[in-house]
Amino acid sequence: MYFTQFVLNYAWAAIPNGNCNNICMGGNSLLNLLLCDKGHLTKPSNPATAKAVTTTILNHLDSGRLRKAVSILFYAPFPFHFSLYARLFQLCSSTGSRAIVEARKVESHLFTFSPTPPVFLVNRAIEAFAKCGSLGDARELFEEMPQRDGGSWNALITACSQSGSPEEAFRLFVKMSRSGFLPNEITFASVLGSCAAVLALSLSRQVHGLIVKYGFGGNVVIGSSLVDIYGKCVIIDDARKIFDEIKNPNDISWNIIVRRYLEMGEGEEAIVMFFQMFKAAVRPLKFTFSNALVACSSISALDEGIQIHGVAIKMGFDDDEIVSSSLIDMYAKCGDLESASAIFDQPNSKDVISWTSIVSGYAMSGQTWKARELFDEMPERNVISWNAMLAGYARYSQWEEAVDFLFLMRNTTNNIDQVTLGLILKVCAGLLDVELGKQVHGFIYRHGFSSSMFVGNGLLHMYSKCGKMRSAKTVWFHQISHWRDRVSSNALLSSYARRGRSELAMTIFCGMQW
DNA sequence: TTAGGGTTAG
């Protein structure tokens, strides 16, 4: 006993910095080899010892000392109850832990003293490895399993789905069926997660058929996943139909449908669904509040925004950082700057996002002097804050202020993006300064911003406004030939129309997609 | 036991 303990301690101490990756891996680890030779020592000489060690481990776990608990288990030269291993696997992968080293130690100890552990416990190990971010360990363990059950397949499919390997999840799903295991709710939920990750609509439809065939259509998680996928694939009517078929949609289901309507640009429907949620007596999540408020901003629905604000106060959501930022932005975008400022002035409401919302609110409502006052007071700024101020000058054609601001920006920050460049082009167009515009074009080309739609449209607008139709056509036919939206078409069309080139304007007009 | 959504500002 003492000899084994000594050997173990010695072996462990020989690994620098506690790096046990090698010692803990697989059935041929150094630890396993050492312990296999001491087979007669694999039972505690005194049952009371095992009980005492288990109690010590549990005490450490209760106090949140996972590493210490695993360390004690690892050094103990006898097996423990399977439920302890299960708990340890779960804790190794719980939020905040992600303790891959500890998970490997637990696995090593388990296999050393129980060479054929129950399948459910190996499944837990696979899940733990995957949640710790090591899909390789999970895959290896799965491959080495002499026996598997449906849970083993589910564990690996989920592991692939959550580790960003959707294709592998699909392959395993097919292989699982061929191996004679029937998929259950868990399998379908994971496969649907993979479908959503790659927007695999055709595959989703096939999986949907199987879900109906196997009778899992009424499952709230699966129903919500289907709503999510169809919504993400821009088939909102199907998404809504499936949502309506869910018997008791929960907070997540409602959040998905509100979010999908918002993303589709159907702000009104998003708000309607938000209020319907209360009729169904489901408590919204803070994200659902935020989504509903963004929906109000998108369609300037101030009255509904005020109602949502009231509900947020009543339910205690107004203290939440994201909800209060969304409220400030909603009021600012709906033009009620007084209410936006009132929330902004409350303690703990002033982060860079709410600062930017309030600056943008004043800037875009024409009160650029007030916006600038606030901008100058900002304790912290980022590229979005700078753009918000510049966008205000550009919207109200304050070209001199815009140029001064650009000089200040150049001297203060190196952080610019495609929105900044689009706005600078707008300033060039406003000043009819095509030479400056060309310099900006060169910068865009050199720094790889050419593929941005915002920048492309900015170039088109700048050249058109400055009367350089040949350059505008070059942008139209080369730079933005793969995508053209209504903004691009409008830029060229209005320019041709202004110059009396009605036949060219008509060509653009007829080519527009309505 | 295992499964789904989300993150506010230009």
Side-chain angles (χ1 to χ4, degrees), chain A residues 83 86-87 89-90 93 119-121 123-128 130-131 149-159 161-162 183-197 216 219-229 231-232 246 249-260 262-263 284-294 297 320-330 332-333 340 344 349 351-361 363-364 371 375 378 381-392 394-395 416-420 422-423 454:
Chain A
S83 63
R87 187 169 171 201
F89 281 132
Q90 193 262 323
S93 58
V119 175
F120 91 91
L121 205 47
N123 297 349
R124 292 296 78 76
I126 293 172
E127 286 151 19
K131 282 187 183 161
D149 63 8
S152 321
W153 287 94
N154 285 348
L156 195 62
I157 290 172
T158 306
S161 177
Q162 292 174 344
N184 67 2
E185 293 103 316
I186 311 297
T187 326
F188 283 120
S190 296
V191 172
L192 288 176
S194 293
C195 290
F216 295 126
N219 182 298
V220 65
V221 174
I222 289 177
S224 306
S225 300
L226 286 167
V227 174
D228 181 47
I229 292 167
K232 278 179 179 157
I246 301 175
N250 61 18
D251 47 5
I252 295 178
S253 328
W254 283 98
N255 188 52
I256 293 170
I257 194 74
V258 170
R259 176 81 196 176
R260 295 291 159 256
L262 172 63
E263 285 171 352
L285 299 164
K286 62 177 181 178
F287 303 107
T288 322
F289 267 101
S290 162
N291 289 328
L293 287 166
V294 175
S297 311
D320 180 80
E321 188 187 308
I322 291 173
V323 174
S324 77
S325 285
S326 307
L327 278 167
I328 292 168
D329 195 56
M330 182 275 294
K333 284 210 174 85
F344 179 71
S349 292
D351 62 2
V352 66
I353 294 174
S354 47
W355 268 102
T356 307
S357 288
I358 208 97
V359 165
S360 174
M364 298 311 262
F375 179 85
M378 282 181 83
R381 302 181 191 104
N382 60 22
V383 66
I384 301 178
S385 333
W386 284 94
N387 290 346
M389 192 60 240
L390 186 58
R395 171 180 271 200
I416 67 164
D417 65 4
Q418 74 280 4
V419 178
T420 323
L423 290 167
F454 197 69

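In what follows, every chain begins at residue 1, and chains take the letters A, B, ... in the order their sequences are listed. No hydrogens, no waters, no symmetry mates; every other heavy atom, side chains included, goes into these values.
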Quick note, A:Ser326 side chain, CB onward, closest among B:dT1, B:dA9, B:dT8 is B:dT8
A:Asn291 side-chain N/O to B:dT7 phosphate OP1/OP2 under 4.0 Å: yes
For A:Val220, answer base if it contacts any base atom (sugar-phosphate contacts may also be present), sugar-phosphate if it contacts only those atoms, and nothing otherwise; contact means non-hydrogen atoms under 4.0 Å. base
So, A:Glu263 and A:Arg259, do they make that salt bridge, N to O below 4.0 Å? yes
Tell me: CG of A:Asn184 to C1' of B:dT1, nearest whole Å? 11 Å
With a non-hydrogen cut-off below 4.0 angstrom, is A:Arg260 in contact with a base, only sugar-phosphate, or nothing? sugar-phosphate
Mind checking if A:Ser224 touches a base, just sugar-phosphate, or nothing, with heavy atoms under 4.0 Å? base
Under 4.0 angstrom, heavy atoms only, what part of the nucleic acid is A:Ser324 near: base, sugar-phosphate, or nothing? nothing
Whole-Å distance, A:Ile222 CD1 to B:dT2 C1', equals 12 Å
State whether the side chain of A:Arg381 and the backbone N or O of A:Phe375 hold a donor-acceptor pair below 3.5 Å, judged by distance alone. yes
Which part of the nucleic acid, if any, lies within contact of A:Asn219, taking any heavy atom under 4.0 Å across all strands shown: a base, the sugar-phosphate backbone alone, or nothing? base
About how many Å separate OG of A:Ser152 and CG of A:Asn123, when rounded to the nearest 0.5 Å? 3.5 Å
Which nucleotide wins on minimum distance to the side chain of A:Ile252, given the candidates B:dG4, B:dA3, B:dT2? B:dG4
Once you apply a heavy-atom cut-off of 4.0 Å, does A:Asn154 come out as touching a base, just sugar-phosphate, or nothing? base
Just how far, in rounded Å, is C1' of B:dT8 from CZ of A:Phe289? 15 Å
Under 3.5 Å: donor-acceptor pair, side chain of A:Ser354, backbone of A:Ser349: yes
Value rounded to 0.5 Å, distance of OG in A:Ser290 from CG in A:Asn255: 9.0 Å
Nearest whole Å is fine: how far is B:dG4 P from A:Arg259 CZ? 18 Å
Would you mind classifying the nucleic acid contact of A:Glu321 as base, sugar-phosphate or nothing, using non-hydrogen atoms under 4.0 angstrom? base
With sugar-phosphate meaning primed atoms plus P, OP1 and OP2, does A:Ser225 contact a base, only sugar-phosphate, or nothing at under 4.0 Å between heavy atoms? sugar-phosphate
Proximity to the side chain of A:Ala189 - top-ranked nucleotide from B:dT7, B:dA9, B:dA3: B:dA3
Once you apply a heavy-atom cut-off of 4.0 Å, does A:Gln162 come out as touching a base, just sugar-phosphate, or nothing? sugar-phosphate
Rounded to whole Å, please give me the gap between CD1 in A:Ile256 and P in B:dT7. 12 Å
Tell me which nucleotide among B:dG4, B:dT7, B:dA9 gets nearest to the side chain of A:Ile322. B:dT7
Quick check for you: among B:dT8, B:dA9, B:dT2, whose closest atom lies nearest to any side-chain atom of A:Val352? B:dA9
Spacing between A:Ile229 atom CD1 and B:dA3 atom P, to the nearest angstrom: 16 Å
Nearest whole Å is fine: how far is B:dG4 P from A:Asp228 CG? 11 Å
Side chain of A:Ser190 - closest among B:dT8, B:dA3, B:dG4: B:dA3
Round to the nearest Å and state the distance from A:Ile328 atom CD1 to B:dT8 atom C1'. 10 Å
To the closest 0.5 Å, what do you measure between NZ (A:Lys232) and CD1 (A:Ile256)? 8.0 Å
Scan A:Asn382 against the nucleic acid and name what it touches under 4.0 Å (heavy atoms): base, sugar-phosphate only, or nothing. base
